[in-house]
Amino acid sequence: METNKDDYLTMNLFRDYSLRAHNTFGIDARCREFVEYTSVEEAVQLAGQFHFTEQPLLILGGGSNLLLTQDFQGTVVHSAIQGMSVTFDGDDVYVRAGSGMEWDTVVARCVSNGWHGMENLSLIPGEVGASAVQNIGAYGTEVCEMIDKIEAVSLEDAKVIELSGESCGYGYRDSKFKHEWKNRYLITYVTYRLSRRFTPRLDYGNIRAELQRQGIGTEPTAQQLRDVIIGIRRSKLPDPKIDGNAGSFFMNPVVARSKFLELQEAHPDMPHYPVDDEHEKIPAGWLIDQCGWKGKTLGRAGVHQKQALVLVNRGGASGKDIVALCEAIRQDVLQQFGIEICPEVNVI
Ligand SMILES: Cc1cc2nc3c(=O)[nH]c(=O)nc-3n(C[C@H](O)[C@H](O)[C@H](O)COP(=O)(O)OP(=O)(O)OC[C@H]3O[C@@H](n4cnc5c(N)ncnc54)[C@H](O)[C@@H]3O)c2cc1C
């Protein structure tokens, strides 16, 4: 049956809409429709009345893990659910946040209220809904450690459901939402289990060195730890508001131990991390740097001066410009090291 969505949808709906403000690369791609839900009721309405199976669907957060290479001929759905509530159980603090909230706003509020656990995840771009999809992580902490439950609306039957953190199959930057649950749920709320007790994690990156340098020592407050992490991140990573980017563009490749030993002979200084008895992980940023790409520009896209893993929009780049740079880098790494590196960002 033909339906006119405008007749019954009360939520924001835009046609032929630019996604430029909705992706941190700042790519000016358009979509056929863009619709936002601001409550569970609207998510239910959306799931019940749109025919998602009949047209392409893109569920979008802040677009900070996304590269748009063309206009999207389908519907883009975005959560605009805001608001935070909190309950206590002894030392445990359960923080329930709307999926459309900016992630770092939640971290900032939790830190200032003395609800602990998120400090090391400060300043990661993006929204609450995506935190649970991506299993965001930084400085020795992954968000899956604190996800208690996820509330969502099923796109199959428009039912409201709850998923426990344990059921989401979390792995390194991975979850079932990226595979068998892809495009199945509109996340509405995420509840994080935090603590009134502060157990700082300082043994990652140069946190300790930076605390020392600032004269804070080994017992920072939660706010001091957050501030130090924000400072470190700002000194290393480009601000997407100034230089469009999506953070780490490539995944760190995992290679067979035999391959690693062969490469190590030629490159004794090659950094590496054991994955298991048979595999080693090699930082993609190091491989790209060795190929001479750090700070280089190709057309309107480039490689960040301080971090070779980050590709940036040098101004007015299209998604295809970024892809051309990505492919040139991949070719060079393959030629020099015989290793295939793959994008971590969602390329559409
Ligand atoms: C400068 C920079 C630094 C970064 N540093 C880090 C870092 O340290 N650690 C890290 O882990 N990541 C990092 N990232 C990557 C990025 O911030 C995360 O992946 C983030 O979680 C993406 O959030 P988003 O809201 O922008 O999601 P999007 O990119 O819009 O979407 C990500 C995924 O979540 C899904 N999704 C979003 N909202 C919903 C919803 N409501 N319901 C269902 N599915 C949904 C989307 O369909 C998509 O599959 C960085 C990015 C940048 C630009």
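Just so we're clear, the structure is a prediction, and the values are computed from it rather than from any experiment. All ligand and atom numbering here is 1-based and tracks the order in the structure.
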Tell me whether E280 is salt-bridged to R257, with the criterion being a basic N under 4.0 Å from an acidic carboxylate O. yes
Classify the contact between W103 and ligand 1 as side chain, backbone, both or neither, using a heavy-atom distance cut-off of under 4.0 Å. neither
State whether the shortest distance between N or O atoms of I59 and N or O atoms of ligand 1 falls below 3.5 angstrom. yes
Name the orientation class of the two ring planes belonging to H272 and F260 (parallel below 30°, tilted from 30 to 60°, perpendicular beyond 60°). tilted
Short N-O contact, E145 and R201, less than 4.0 angstrom: yes
Backbone or side chain, does any N or O of L237 fall under 3.5 Å from an N or O of ligand 1? no
For atom 52 (C) of ligand 1, grab the closest protein heavy atom and report residue, atom and distance to one decimal in Å. G247 N, 3.3 Å
Just let me know how V133 lines up against ligand 1, side chain, backbone, both or neither, with a heavy-atom cut-off below 4.0 Å. side chain
Determine, using heavy atoms of F177 and all atoms of ligand 1, whether some pair is separated by less than 4.0 Å. no
What atoms in ligand 1 come closer than 4.0 Å to a heavy atom of E127? 23 (O), 24 (P), 25 (O)
For ligand 1, is any non-hydrogen atom under 4.0 Å from R233's backbone (N, CA, C, O), its side chain (CB onward), both, or neither? side chain
Sub-6.0 Å ring centroid separation between W103 and Y192: yes
Would you sort out whether R234 and D239 count as a salt bridge (charged side-chain N to carboxylate O under 4.0 Å, His left out), showing the intermediate values? CA-CA 7 Å; R234 286 206 171 122; D239 179 350; over 6 Å; no
Checking contacts here: is it the side chain or the backbone of Y37 that comes within 4.0 Å of ligand 1, counting heavy atoms only? Could be both or neither. side chain
Check: I187 N/O within less than 3.5 Å of ligand 1 N/O: yes
Out of L58, T24, N65, who gets a non-hydrogen atom closest to atom 29 (O) of ligand 1? N65
Other residues, nucleotides and ligands only: do more than 12 of their heavy atoms fall within 6.0 Å of CD on Q331? no
For ligand 1, is any non-hydrogen atom under 4.0 Å from K178's backbone (N, CA, C, O), its side chain (CB onward), both, or neither? neither
Under 3.5 Å, N or O to N or O, is S64 touching ligand 1 that way? yes
Could R30 and D16 be called an ion pair, given the rule that one side-chain N must be under 4.0 Å from one carboxylate O? yes
Considering non-hydrogen atoms of the protein only, which is the closest contact for atom 28 (P) of ligand 1, and what is the distance? G63 N, 3.6 Å
Quick note on ligand 1: atoms under 4.0 Å from a heavy atom of G126 include exactly 23 (O), 24 (P), 25 (O), 26 (O)
In Å and rounded to the nearest 0.5 Å, what is the CG to OG1 distance from D321 to T297? 11.5 Å
Closest non-hydrogen protein atom to atom 43 (C) of ligand 1, residue and atom name please, with distance? Y185 O, 3.5 Å
Which segment of Q134 sits under 4.0 Å of ligand 1 when only heavy atoms are counted: side chain
Does any N or O of ligand 1 fall below 3.5 Å from an N or O anywhere on L186, backbone included? no
Output yes when the distance from some N or O of ligand 1 to some N or O of P125 is under 3.5 Å, and no in every other case. yes
Charged tip of R96 within 45° of Y189 ring normal and under 6.0 Å: yes
With sequence neighbours left out, what residues match A222 under side-chain contact (heavy atoms from CB on, under 4.5 Å)? V111, H116, E119, F198
Quick one: does ligand 1 sit under 4.0 Å from the side chain of V310, the backbone, both or neither, non-hydrogen atoms only? neither
Numbered atoms of ligand 1 (with element) below 4.0 Å of L60, judged on heavy atoms: 30 (O)
N or O contact, G62 vs ligand 1, cut-off under 3.5 Å: yes
Considering residues, nucleotides and ligands other than Q223, do more than 12 of their heavy atoms fall under 6.0 Å from its CD? yes
For ligand 1, which atoms have a heavy atom of A246 less than 4.0 angstrom away? 51 (C), 52 (C), 53 (C)
So which heavy atom in the protein is nearest atom 9 (N) of ligand 1, and how far is it from that ligand atom? G137 O, 2.7 Å
Okay, side chain of N135, backbone of G171: is any donor-acceptor separation there less than 3.5 Å? yes
Heavy atom of the protein closest to atom 1 (C) of ligand 1 (residue, atom name, distance): N245 OD1, 3.4 Å
Table please: side-chain donor-acceptor pairs of residues 338-348 below 3.5 Å, with sequence neighbours left out.
unit_1	atom_1	unit_2	atom_2	d
E340	OE2	R330	NH2	3.4

If you have a sec, work out which protein heavy atom is nearest atom 21 (O) of ligand 1 and how many Å separate them, to one decimal? I136 CG2, 3.1 Å
Where the closest heavy atom to atom 37 (C) of ligand 1 is concerned, which of A43, A152, G61 has it? G61
Would you please say whether a donor-acceptor pair under 3.5 Å links the side chains of H22 and Y17? yes
Among non-hydrogen protein atoms, atom 12 (N) of ligand 1 lies closest to I124 CG2, 3.9 Å
Protein contact to atom 23 (O) of ligand 1 [nearest heavy atom, distance to 0.1 Å]: A130 CB, 3.2 Å
Look at D104 together with R109 and state whether they make a salt bridge at an N to O cut-off of under 4.0 Å. no
Based purely on interatomic distance, does P240 place a nitrogen or oxygen under 3.5 Å from a nitrogen or oxygen of ligand 1? no
Say whether S131, considering both its backbone and side-chain N or O atoms, lies within less than 3.5 Å of an N or O atom on ligand 1. no
For the pair N245 (side chain) and D243 (backbone), establish whether a donor and an acceptor sit closer than 3.5 Å, ignoring hydrogens and angles. yes
Taking N or O atoms only and a 3.5 Å limit, does N346 qualify as a polar contact for ligand 1? no
Which heavy atom of G62 sits nearest to which heavy atom of E127, and what is that distance? N-CD, 3.6 Å
Which word best sums up how the rings of F14 and F34 line up, parallel for under 30°, tilted for 30 to 60°, or perpendicular for over 60°? tilted
